[in-house]
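Below is one structure, written out as structure tokens; comments come after it.
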Amino acid sequence: MPSATSQNAISTPFTGLAPYLRMSIAGADVAPVAQQMLALSQAQPLDANLWMNLSIILQCLGQRELGLSMQTQALSLQCVYRLAARRQPVRCRLLMLMEPGDLAANTPLDCLLEDSDVDLILYYLSADEPLQVPLPEHDAVLVAMSDSDANRAHVQFLEQALAHWPKPVINLPQFIPYVDRGTASERLQNIPGLLMPPTLRATREQMQSVATGASPLREVVEDCDFPVILRPLGSQGGHDLAKIETPEDIAQYLSHVHDAEFFISRFIDYSHADGFFRKIRVALIDGQPYACHMAVSKNWMVHYVNAGMYEEAWKRAEELAFMTNFEAFKQRHHDVLQAIARAIPLDYLCIDCAETASGEFLVFEVDHAMVIHAMDTEDQFPYKQIHMHKVKSAFHELLLRRMAGHNATPSTPTVASQPLIGQP
């Protein structure tokens, strides 16, 4: 069983995701850093921080499985990792309850609070003992894990364990399952001005039935017709996400994607008159919306890093205009944004969305594990720091507000009479 904190004689500082993401955005080659870490790990095999750093950088290099194996090694040594605040004195010690997994499994808050007076204490829950006591001293708790079939037991455990926690809890665990693609699409139906096609689950056998022509798509997946969007359960960042036009496309898709279950939803053409697609990321912090970015692309599957935002000045000019005029966007979609905040009442929530040509608010995804940062260079993106400062300040103020309003005693909390995960 891993200890909360390793007793290693040698310990590398834990760095988190932010420095490697910054290097990647700047176009730096992070592979040599990974090679140096790998060599060092042979001499320092009990250095949990080193293994966790190596896990993160390997995942940034696209080596997910190898990175996760390094994470397993790190977590076998300890389950707590600390990122000290850059600004002193510290005003908040935030305990982040994390789930083992890849970079999309938990809220990457270090990217948002990279230069702040908040200590981040990353606590990875384990299967045999979710919360070891005594816990690290903290001023607030953030449930950082996103929703997945694999972590439902942890979420249920935390719902009980945190029900009477003597410190403020950000993102209550009972609301974490609401960000599941299917659940979110159910909760966001029938809201005037909001468009989010139902996201349904389909088995591989069902998709094969459609691919062979044995069953029409509408019979296998209720009220769903071509074109559709297909992706494996748990897929993030566009991994194995595809637009499907015909049964033959499904057959081709299944030939190289071997998952057992998928999410499927109707494709909505959200291109504008110029043929470009514009995807927007908005943060809801304590129910209030903030602009994070807008990416412009010829491809319907828009990712900021490959949309040409770094290469084409006119796209950055559009993003600047969007962020500058975000108040007008908020007013146009005020009722929709408030409806989302009510339907998925997490304190910190991110929305990937778009405005359709007809003016509807199209939702692709809601989650609290999306990357939000201000790492783009000021030379290319002089407007980013101004607007991202608003996001950072809003989250910071949320923490301080909750701490000030909480009347708990300052004692360190304990977990009493709670069943351990995996036990009846």
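Along the sequence shown, residues are numbered consecutively beginning with 1.
- With hydrogens and angles ignored, the 3.5 Å screen pairs no side-chain donor or acceptor of Asp367 with any backbone N or O of Val179.
- Between the side chain of Asp180 and the backbone N or O of Thr183, at least one donor-acceptor pair lies under 3.5 Å.
- A salt bridge links Arg402 with Asp286: at least one charged nitrogen is closer than 4.0 Å to a carboxylate oxygen.
- Val30 and Ser24 make their closest contact through CG1-OG, 4.3 Å (heavy atoms, listed as atom of the first residue, atom of the second, distance).
- Of all the heavy atoms in Ala74 and Ala48, the pair that sits closest is CB-O, 3.6 Å.
- Between the side chain of Asp347 and the backbone N or O of Ile170, no donor-acceptor pair lies under 3.5 Å.
- Formation of a donor-acceptor pair under 3.5 Å by the Glu360 side chain with backbone atoms of Met196 is not found in this model.
- The OH atom of Tyr290 sits 9.5 Å away from the CZ atom of Phe326 when rounded to the nearest 0.5 Å.
- Looking only at distances, no side-chain donor or acceptor of Arg281 sits under 3.5 Å from a matching main-chain atom of Cys353.
- Within the model, atoms SG of Cys292 and NE2 of His387 stand 11.5 Å from one another, a figure rounded to the nearest 0.5 Å.
- Side chains of His272 and Glu355: a donor-acceptor N/O pair is absent below 3.5 angstrom, by distance only.
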Quiz item: For Asp147 and Arg152, what are the C-alpha separation, side-chain angles and deciding distance, and is it a salt bridge (charged side-chain N to carboxylate O under 4.0 Å, His left out)?
Solution: CA-CA 7 Å; Asp147 177 77; Arg152 292 287 165 79; 2.7 Å; yes

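- Using modelled atom types and a 3.5 Å distance limit, the side chains of Ser393 and Glu397 yield no donor-acceptor pair.
- Salt bridge status for Arg87 with Asp115: present, with a side-chain N to carboxylate O gap under 4.0 Å.
- Using a distance-only test at 3.5 Å, with no hydrogens or angles considered, a donor-acceptor pair links the side chain of Arg187 to the main chain of Ala343.
- From Leu131, atom CG reaches atom NE2 of His154 across 8.5 Å, with rounding to the nearest 0.5 Å.
- Closest heavy-atom contact between Ala374 and Met388: CB-CB, 3.6 Å.
- Between Glu318 and Arg278 there is a salt bridge, since a side-chain N of the basic residue sits under 4.0 Å from a carboxylate O of the acidic one.
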Exercise. Kindly determine whether His396 and Asp117 satisfy side chain to side chain donor-acceptor pair (under 3.5 Å), including the steps that lead there.
Key: CA-CA 9 Å; His396 187 263; Asp117 54 9; 2.6 Å; yes

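- Using a 4.0 Å cut-off between charged side-chain N and carboxylate O, Arg201 and Asp149 make a salt bridge.
- Within the 3.5 Å criterion, the main-chain N or O of Gly16 finds no donor-acceptor partner in the side chain of Asp110.
- For the pair Asp119 (side chain) and Ala85 (backbone), a donor-acceptor distance under 3.5 Å is present.
- Proximity of a side-chain donor or acceptor of Glu99 to a complementary backbone N or O of Met145 within less than 3.5 Å is not detected.
- Relative orientation of the Phe329 and Phe361 rings is tilted, given thresholds of 30° and 60° on the angle between their planes.
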Quiz item: Would Tyr270 and Phe276 satisfy ring-ring contact (aromatic ring centres under 6.0 Å, His included), going step by step from the backbone distance to the final call?
Solution: CA-CA 9 Å; Tyr270 64 102; Phe276 282 85; over 10 Å; no

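- Between the side chain of His293 and the main chain of Lys384, no donor-acceptor pair closer than 3.5 Å is present.
- Other residues, nucleotides and ligands contribute more than 12 heavy atoms inside 6.0 Å of the CZ atom of Arg204.
- Taking the charged nitrogens against the carboxylate oxygens, Glu312 and Lys315 do have a contact shorter than 4.0 Å, which makes a salt bridge.
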Exercise. Evaluate the side chain to side chain donor-acceptor pair (under 3.5 Å) criterion for residues Glu319 and Tyr304: first the C-alpha distance (whole Å), next the side-chain angles of each, then the deciding distance (0.1 Å), finally the verdict.
Key: CA-CA 11 Å; Glu319 183 182 39; Tyr304 199 93; 2.7 Å; yes

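- Between the side chains of Ser271 and Asp269, at least one donor-acceptor pair of N or O atoms lies under 3.5 Å.
- More than 12 heavy atoms of other shown residues, nucleotides or ligands fall within 6.0 angstrom of atom NE2 in His303.
- Minimum interatomic distance between Tyr124 and Gln71 (heavy atoms only, all atoms of both residues): CE2-NE2, 4.4 Å.
- For the residue pair Thr12/Asp47, the side-chain donor-acceptor check at 3.5 Å is satisfied.
- Atom CD of Glu222 is surrounded by 12 or fewer heavy atoms from other residues, nucleotides or ligands within 6.0 Å.
- Between the CD atom of Gln132 and the CD atom of Gln78 there is a distance of 11.0 Å, given to the nearest 0.5 Å.
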Quiz item: Step by step, would you call Ser185 with Gln189 a side chain to side chain donor-acceptor pair (under 3.5 Å)?
Solution: CA-CA 6 Å; Ser185 72; Gln189 292 302 307; 4.9 Å; no

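- Judged purely by distance below 3.5 Å, without hydrogens or angles, the side chains of Tyr310 and Asp376 pair a donor atom with an acceptor atom.
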